[in-house]
Amino acid sequence: MRKKISAVDSYALLYVIKACTKKSLAIEGKQAHTLVIKLGYEPNIFLQTSLMDMYAGTANVADVHQVFDEIPNKNVVCWTSLISAYVQNQKPNRAIEIFRQMQMVDVEPDQVTLTVALSACADLGALDKGEWIHDSISRKPEFSEDLCLMNALLNMYVKCGDIRKAKLLFDNVKIKDIRTWTCMIVGHALHGQAEEALRLFSALEAENKSRSSKSQGTKDQLLVPNDVMFIGVLMACSHAGMVEEGKRYFRSMIEEYGLKPRLSHFGCMVDLLCRCGLLNEAYSFILAMPIQPNAVIWRTLLGSSAVHGKVELAAVARSKLGELEVSLVGDDVALSNIYSANGMWEEKIMLRHEMRQRRTPGCSSVEVGKLHS
DNA sequence: ATAGGGTTAG
């Protein structure tokens, strides 16, 4: 089409930009942006917001903000895209700031804006701001009909630790989807309420069984567990020390539900085995994985080796982290602490010396008014 | 025909 440039209209460009977003194609996305300018489509607000979304998806927040700044009449969709870009790129503080700015220039947030803002609150653990948004939802009854928004609200309460509010909300949402259930299961799992989490999962399975034996109409309403839900289920087993159940759910996920475990599922299993002190089994499990283990998995084994005083295994895990070139200074601290616990002072001194040469800083975070890292 | 949204291991 570019050879016959007169045929390129704003719709063609829009779909090309969407394709770039979907496939995270940064260079092609930029080329599409160039064409938007060359062909004089800059006043098209649909194209501008799509471009913002494309830059957000390719981790280019600076360009998102620049596109936003150059839009003359910013509507609620433009503002929401900007907030979303900061959420997607792990800048929830900035997202909340923009959310405030938007209200100061009298642009009224809609359901989508509030959904995104709640996501930022969840990431920050900002319960007070989340509750403020909940209040503004309550003032618009039609907003409570929006399931995306309700799921975001539920997730906010879960991540901010208000499990009671989360449960109340869950019970009050009449029409739930698989994400609603997943949120609540993860919520219980995160709060150490493994039994509640697994009870919910069983309730969902029972509900599905009863519906699939009934008429065709109810079959359309089946809420089939997906891979994300199994992460919640496995987390619950892990936090409750339920090894055998965890292994059973892992098998059931593959065999009964036909789901392919992803890296995070293997991570859950390693965590489960490690927490129960089955470190050798965890190590064999990692070696037998069909996909390459990442740093989180080796770090789980390392941390657990430290707890259980398994020096050799800790050293293996640390060297794997080194190979992946993503090790944090905390990984070395963990290993160095095992050495001292076992009186291996020479090893400890050598490791500490290596650490001084690398000079990678550690980090922590604390909330003082807002979250600082 | 056109734009922005919710669940995911430590």
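So that the names make sense, note that chain A is the first sequence line, chain B the second, and so on, each numbered from 1. Note that this is a predicted model, so its numbers are computed, not measured.
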Do the side chains of [X] and [Y] get close enough for a salt bridge, i.e. N-O under 4.0 angstrom?
X	Y	value
A:D53	A:K18	no
A:K247	A:E281	yes
A:D135	A:R139	no
A:E207	A:R211	yes

Taking any heavy-atom pair under 4.0 Å as a contact, classify [X]: base, sugar-phosphate, or nothing.
X	answer
A:D227	nothing
A:L149	base
A:Q111	base
A:T180	nothing
A:V158	nothing
A:L154	nothing
A:L263	base

Calculate the interatomic distance between [X] atom [atom1] and [N] atom [atom2]; express it in whole Å.
X	N	atom1	atom2	result
A:L51	B:dT2	CG	C1'	13 Å
A:D53	B:dA3	CG	P	11 Å
A:N44	B:dA1	CG	C1'	13 Å
A:L47	B:dG4	CG	P	12 Å
A:D123	B:dT8	CG	C1'	13 Å
A:H265	B:dA9	NE2	P	10 Å
A:D9	B:dA1	CG	P	14 Å
A:M235	B:dG10	CE	C1'	10 Å

Quick check for you: among [options], whose closest atom lies nearest to any side-chain atom of [X]?
X	options	answer
A:N75	B:dA3, B:dG5, B:dG10	B:dA3
A:V228	B:dA3, B:dA9, B:dT8	B:dT8
A:N226	B:dT7, B:dG5, B:dA9	B:dT7
A:C183	B:dT7, B:dG4, B:dA3	B:dT7
A:I297	B:dG5, B:dA9, B:dT7	B:dA9
A:T80	B:dT2, B:dA9, B:dG4	B:dG4
A:L14	B:dG10, B:dG4, B:dT2	B:dT2
A:K18	B:dA3, B:dG4, B:dT7	B:dA3
A:C268	B:dT7, B:dG5, B:dA9	B:dA9
A:V77	B:dT8, B:dA9, B:dG4	B:dG4

Any chance you could measure A:Q292, atom CD, to A:L324, atom CG, to the nearest 0.5 Å?
->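 These two atoms lie 6.5 Å from each other.
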So, does A:S24 use its side chain to make a donor-acceptor pair with the main chain of A:C20 at under 3.5 Å?
->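 No; judged by distance alone, with no hydrogens or angles, the pair does not exist.
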Taking OP1 and OP2 of [N], is either one under 4.0 Å from a side-chain nitrogen or oxygen of [X]?
X	N	result
A:R275	B:dG10	yes
A:H239	B:dA9	no
A:K159	B:dT8	yes

Answer with yes or no whether [X] presents, from its side chain, a donor or acceptor under 3.5 Å of a partner atom in the base of [N].
X	N	value
A:S264	B:dA9	no
A:T300	B:dG10	no
A:S81	B:dG4	no

Do A:I45 and A:L47 share a hydrophobic cluster, counting only Ile, Leu, Val, Met, Phe, Trp and Tyr and linking them when any side-chain heavy atoms are less than 4.5 Å apart?
->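 Yes; tracing contacts between hydrophobic side chains, which count when under 4.5 Å, links both residues.
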Aromatic ring of A:Y11 stacked on base six-ring of B:dA1, 5.5 Å, 30° |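 Ring-base stacking flag set for A:Y11 and B:dA1.
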